[in-house]
Amino acid sequence: MNTYKGYYHSVIGWLEIVCNENCLLEINFVNEKKEGNYNGFVKQTIVQLDEYFKGIRKTFDIPLQVQGTSFQKQVWNALLTIPYGKTASYKDIATAIKNDKAVRAVGSANGKNKIPIVIPCHRIINFNGKLGGYAGELWRKEKLLEIENAKNN
(Lines give C-alpha, C1' and ligand atoms only; values in the text may rest on other atoms or scores of the structure.)
Protein backbone atom coordinates (compact mmCIF):
# COMPACT_ATOMS: atom_id res chain seq x y z
CA MET A 1 0.00 0.00 0.00
CA ASN A 2 1.31 3.44 -0.90
CA THR A 3 2.14 6.00 1.77
CA TYR A 4 1.71 9.72 1.38
CA LYS A 5 3.35 12.57 3.29
CA GLY A 6 2.35 16.13 3.82
CA TYR A 7 3.50 18.96 6.06
CA TYR A 8 1.69 21.40 8.31
CA HIS A 9 3.29 24.34 10.10
CA SER A 10 1.76 24.70 13.56
CA VAL A 11 2.49 26.68 16.70
CA ILE A 12 4.54 23.69 17.86
CA GLY A 13 6.60 23.54 14.67
CA TRP A 14 6.43 21.48 11.52
CA LEU A 15 4.33 18.34 11.57
CA GLU A 16 4.88 15.58 9.04
CA ILE A 17 1.64 13.71 8.35
CA VAL A 18 1.96 10.16 7.00
CA CYS A 19 -1.11 8.40 5.58
CA ASN A 20 -2.02 5.57 3.25
CA GLU A 21 -5.07 5.48 0.99
CA ASN A 22 -7.37 4.73 3.92
CA CYS A 23 -6.08 6.29 7.13
CA LEU A 24 -3.59 8.27 9.19
CA LEU A 25 -0.45 6.32 10.12
CA GLU A 26 1.86 8.84 11.84
CA ILE A 27 2.37 12.43 12.86
CA ASN A 28 6.04 13.30 13.30
CA PHE A 29 7.67 16.41 14.73
CA VAL A 30 10.19 17.59 12.13
CA ASN A 31 12.48 20.59 11.75
CA GLU A 32 11.50 21.57 8.25
CA LYS A 33 9.05 21.01 5.45
CA LYS A 34 10.17 18.56 2.78
CA GLU A 35 8.71 17.57 -0.53
CA GLY A 36 5.36 15.90 0.08
CA ASN A 37 3.02 13.70 -1.90
CA TYR A 38 -0.35 14.76 -0.52
CA ASN A 39 -3.48 12.64 -0.84
CA GLY A 40 -7.01 13.13 0.49
CA PHE A 41 -6.24 11.75 3.94
CA VAL A 42 -3.16 13.94 4.34
CA LYS A 43 -5.24 16.99 3.36
CA GLN A 44 -8.10 15.97 5.68
CA THR A 45 -5.65 15.54 8.56
CA ILE A 46 -4.11 18.96 7.90
CA VAL A 47 -7.58 20.58 7.92
CA GLN A 48 -8.46 18.90 11.22
CA LEU A 49 -5.10 19.79 12.80
CA ASP A 50 -5.53 23.40 11.69
CA GLU A 51 -9.00 23.47 13.28
CA TYR A 52 -7.56 21.96 16.47
CA PHE A 53 -4.78 24.56 16.71
CA LYS A 54 -7.33 27.35 16.13
CA GLY A 55 -9.44 26.00 19.01
CA ILE A 56 -12.32 25.02 16.73
CA ARG A 57 -11.92 21.22 16.84
CA LYS A 58 -11.95 19.26 20.08
CA THR A 59 -12.05 15.72 18.65
CA PHE A 60 -10.67 14.15 15.49
CA ASP A 61 -12.61 11.85 13.20
CA ILE A 62 -9.78 10.68 10.96
CA PRO A 63 -9.49 6.91 10.46
CA LEU A 64 -6.33 5.68 12.22
CA GLN A 65 -4.07 2.68 11.72
CA VAL A 66 -1.79 2.01 14.67
CA GLN A 67 1.07 -0.46 14.77
CA GLY A 68 1.97 -1.88 18.16
CA THR A 69 1.46 -4.64 20.65
CA SER A 70 -2.01 -5.43 21.97
CA PHE A 71 -1.01 -3.75 25.28
CA GLN A 72 0.12 -0.58 23.47
CA LYS A 73 -3.13 -0.50 21.51
CA GLN A 74 -5.09 -0.81 24.78
CA VAL A 75 -3.20 2.18 26.17
CA TRP A 76 -3.67 4.25 23.01
CA ASN A 77 -7.40 3.46 22.96
CA ALA A 78 -7.61 4.57 26.59
CA LEU A 79 -5.84 7.83 25.69
CA LEU A 80 -8.59 8.50 23.16
CA THR A 81 -11.12 8.58 26.02
CA ILE A 82 -9.43 11.52 27.80
CA PRO A 83 -11.60 14.52 26.93
CA TYR A 84 -10.25 17.71 25.40
CA GLY A 85 -9.09 20.06 28.14
CA LYS A 86 -8.63 17.29 30.70
CA THR A 87 -5.58 15.38 31.88
CA ALA A 88 -4.99 11.95 33.35
CA SER A 89 -2.08 10.12 34.97
CA TYR A 90 -0.32 6.93 33.96
CA LYS A 91 -2.06 5.36 36.95
CA ASP A 92 -5.46 6.49 35.63
CA ILE A 93 -4.75 4.79 32.31
CA ALA A 94 -3.49 1.62 34.02
CA THR A 95 -6.75 1.52 35.98
CA ALA A 96 -8.79 2.19 32.82
CA ILE A 97 -7.25 -0.82 31.09
CA LYS A 98 -7.76 -2.91 34.25
CA ASN A 99 -4.05 -3.42 34.87
CA ASP A 100 -3.28 -1.32 37.96
CA LYS A 101 0.31 -2.56 38.26
CA ALA A 102 1.24 -1.54 34.70
CA VAL A 103 1.91 2.14 35.42
CA ARG A 104 5.48 2.08 34.03
CA ALA A 105 4.42 0.01 31.02
CA VAL A 106 1.66 2.56 30.36
CA GLY A 107 4.33 5.27 30.38
CA SER A 108 6.42 3.32 27.90
CA ALA A 109 3.44 2.70 25.59
CA ASN A 110 2.47 6.36 25.84
CA GLY A 111 5.95 7.32 24.63
CA LYS A 112 5.68 5.02 21.60
CA ASN A 113 2.50 6.65 20.28
CA LYS A 114 3.11 7.40 16.57
CA ILE A 115 0.03 9.63 16.23
CA PRO A 116 0.48 12.39 18.81
CA ILE A 117 -2.14 15.12 19.14
CA VAL A 118 -4.83 12.92 17.53
CA ILE A 119 -4.11 10.17 20.08
CA PRO A 120 -3.65 12.68 22.91
CA CYS A 121 -0.61 11.40 24.79
CA HIS A 122 0.11 15.02 25.74
CA ARG A 123 -2.83 14.83 28.16
CA ILE A 124 -0.92 12.43 30.41
CA ILE A 125 0.71 14.01 33.44
CA ASN A 126 2.45 12.61 36.50
CA PHE A 127 0.33 11.50 39.44
CA ASN A 128 1.66 14.50 41.42
CA GLY A 129 0.27 16.90 38.80
CA LYS A 130 3.62 17.73 37.17
CA LEU A 131 3.91 17.45 33.40
CA GLY A 132 6.49 14.66 33.16
CA GLY A 133 8.09 13.84 29.84
CA TYR A 134 6.94 14.07 26.25
CA ALA A 135 8.51 12.43 23.22
CA GLY A 136 7.91 15.63 21.25
CA GLU A 137 9.76 17.76 23.85
CA LEU A 138 8.17 19.23 26.94
CA TRP A 139 7.59 22.70 25.49
CA ARG A 140 5.28 21.17 22.87
CA LYS A 141 3.30 19.35 25.56
CA GLU A 142 2.97 22.61 27.50
CA LYS A 143 1.71 24.40 24.40
CA LEU A 144 -0.81 21.66 23.54
CA LEU A 145 -2.20 21.74 27.08
CA GLU A 146 -2.30 25.52 26.94
CA ILE A 147 -4.29 25.38 23.67
CA GLU A 148 -6.78 23.09 25.38
CA ASN A 149 -6.66 25.15 28.59
CA ALA A 150 -6.27 21.76 30.24
CA LYS A 151 -7.13 21.31 33.85
CA ASN A 152 -6.06 18.37 35.98
CA ASN A 153 -9.08 16.04 35.85
Side-chain angles (χ1 to χ4, degrees), residues 1-90 92-93 96-97 105-126 130-153:
M1 192 172 283
N2 292 330
T3 58
Y4 302 88
K5 289 183 183 179
Y7 295 85
Y8 172 72
H9 194 261
S10 72
V11 296
I12 59 170
W14 283 103
L15 301 175
E16 177 185 66
I17 293 94
V18 182
C19 298
N20 63 24
E21 287 91 354
N22 304 312
C23 54
L24 175 61
L25 303 172
E26 295 178 24
I27 296 176
N28 300 305
F29 301 109
V30 295
N31 293 325
E32 61 188 27
K33 179 180 179 180
K34 298 178 184 163
E35 180 112 10
N37 57 337
Y38 296 69
N39 74 347
F41 279 100
V42 170
K43 291 175 185 174
Q44 179 184 358
T45 302
I46 289 171
V47 166
Q48 290 195 22
L49 285 167
D50 190 57
E51 291 169 349
Y52 168 84
F53 283 109
K54 289 178 178 173
I56 299 166
R57 177 171 291 276
K58 298 193 180 346
T59 60
F60 295 90
D61 58 10
I62 305 160
L64 309 176
Q65 181 178 324
V66 295
Q67 298 290 322
T69 66
S70 60
F71 178 81
Q72 289 169 335
K73 289 176 183 179
Q74 272 189 299
V75 170
W76 300 332
N77 282 328
L79 295 176
L80 289 167
T81 67
I82 304 168
Y84 180 96
K86 299 289 185 183
T87 59
S89 69
Y90 296 125
D92 294 331
I93 298 300
I97 64 170
V106 165
S108 177
N110 195 53
K112 289 181 172 58
N113 173 22
K114 296 277 189 199
I115 310 177
I117 305 165
V118 175
I119 299 177
C121 54
H122 63 277
R123 294 181 188 152
I124 298 297
I125 60 171
N126 290 336
K130 298 203 185 287
L131 288 186
Y134 187 61
E137 297 182 49
L138 200 54
W139 70 270
R140 285 189 177 102
K141 181 176 190 164
E142 290 171 339
K143 187 64 177 173
L144 291 168
L145 292 174
E146 180 184 308
I147 288 166
E148 296 183 14
N149 195 22
K151 303 287 185 244
N152 190 6
N153 286 331

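Taking the salt bridge (Lys or Arg N to Asp or Glu O under 4.0 Å) definition, one finds that E16 meets it with K5, sequence neighbours left out. Looking at residues two or more places apart in sequence or on another chain, you find a side chain to side chain contact (heavy atoms under 4.5 Å, CB included) between E26 and V18, N28, K114. Residues that satisfy the salt bridge (Lys or Arg N to Asp or Glu O under 4.0 Å) test with K143, not counting sequence neighbours, are E146. Residues satisfying the side chain to side chain donor-acceptor pair (under 3.5 Å) test with N37, not counting sequence neighbours, are none. Considering only residues two or more places apart in sequence or on other chains, D50 meets the side chain to side chain donor-acceptor pair (under 3.5 Å) condition with Y8, K54. When the side chain to side chain contact (heavy atoms under 4.5 Å, CB included) test is applied to W14, the partners found at least two apart in sequence or on another chain are Y7, H9, V30, K33. K130 pairs by the salt bridge (Lys or Arg N to Asp or Glu O under 4.0 Å) definition with nothing, not counting sequence neighbours. Taking the salt bridge (Lys or Arg N to Asp or Glu O under 4.0 Å) definition, one finds that E142 meets it with nothing, sequence neighbours left out. Residues passing the side chain to side chain donor-acceptor pair (under 3.5 Å) test with K58: none are found, sequence neighbours excluded.
The structure places CG of L145 at 10.0 Å from CD1 of I124, a figure rounded to the nearest 0.5 Å. Here the SG-CG distance, from C121 to L144, works out to 8.5 Å after rounding to the nearest 0.5 Å. Considering NZ of K86 and CD1 of I125, their distance stands at 11.5 Å, rounded to 0.5 Å.
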Show me the donor-acceptor pairs within less than 3.5 Å that the side chains of residues 131-140 make with the rest of the protein, sequence neighbours left out.
residue: E137; atom: OE1; partner: W139; partner atom: NE1; Å: 3.3
residue: R140; atom: NE; partner: I12; partner atom: O; Å: 2.8
residue: R140; atom: NH1; partner: G136; partner atom: O; Å: 2.8

Show me the side-chain donor-acceptor pairs of residues 74-81 shorter than 3.5 Å, one per line, residues at least two apart or across chains.
residue: W76; atom: NE1; partner: A109; partner atom: O; Å: 2.9
residue: N77; atom: ND2; partner: K73; partner atom: O; Å: 3.2
residue: T81; atom: OG1; partner: A78; partner atom: O; Å: 2.6

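Pairs of residues two or more places apart, or lying in two chains, never qualify as ring pair (Phe, Tyr, Trp, His ring centres under 6.0 Å) while including a residue from residues 27-50.
Residues P63 and C23 share a closest heavy-atom pair of O-CB, 3.1 Å.
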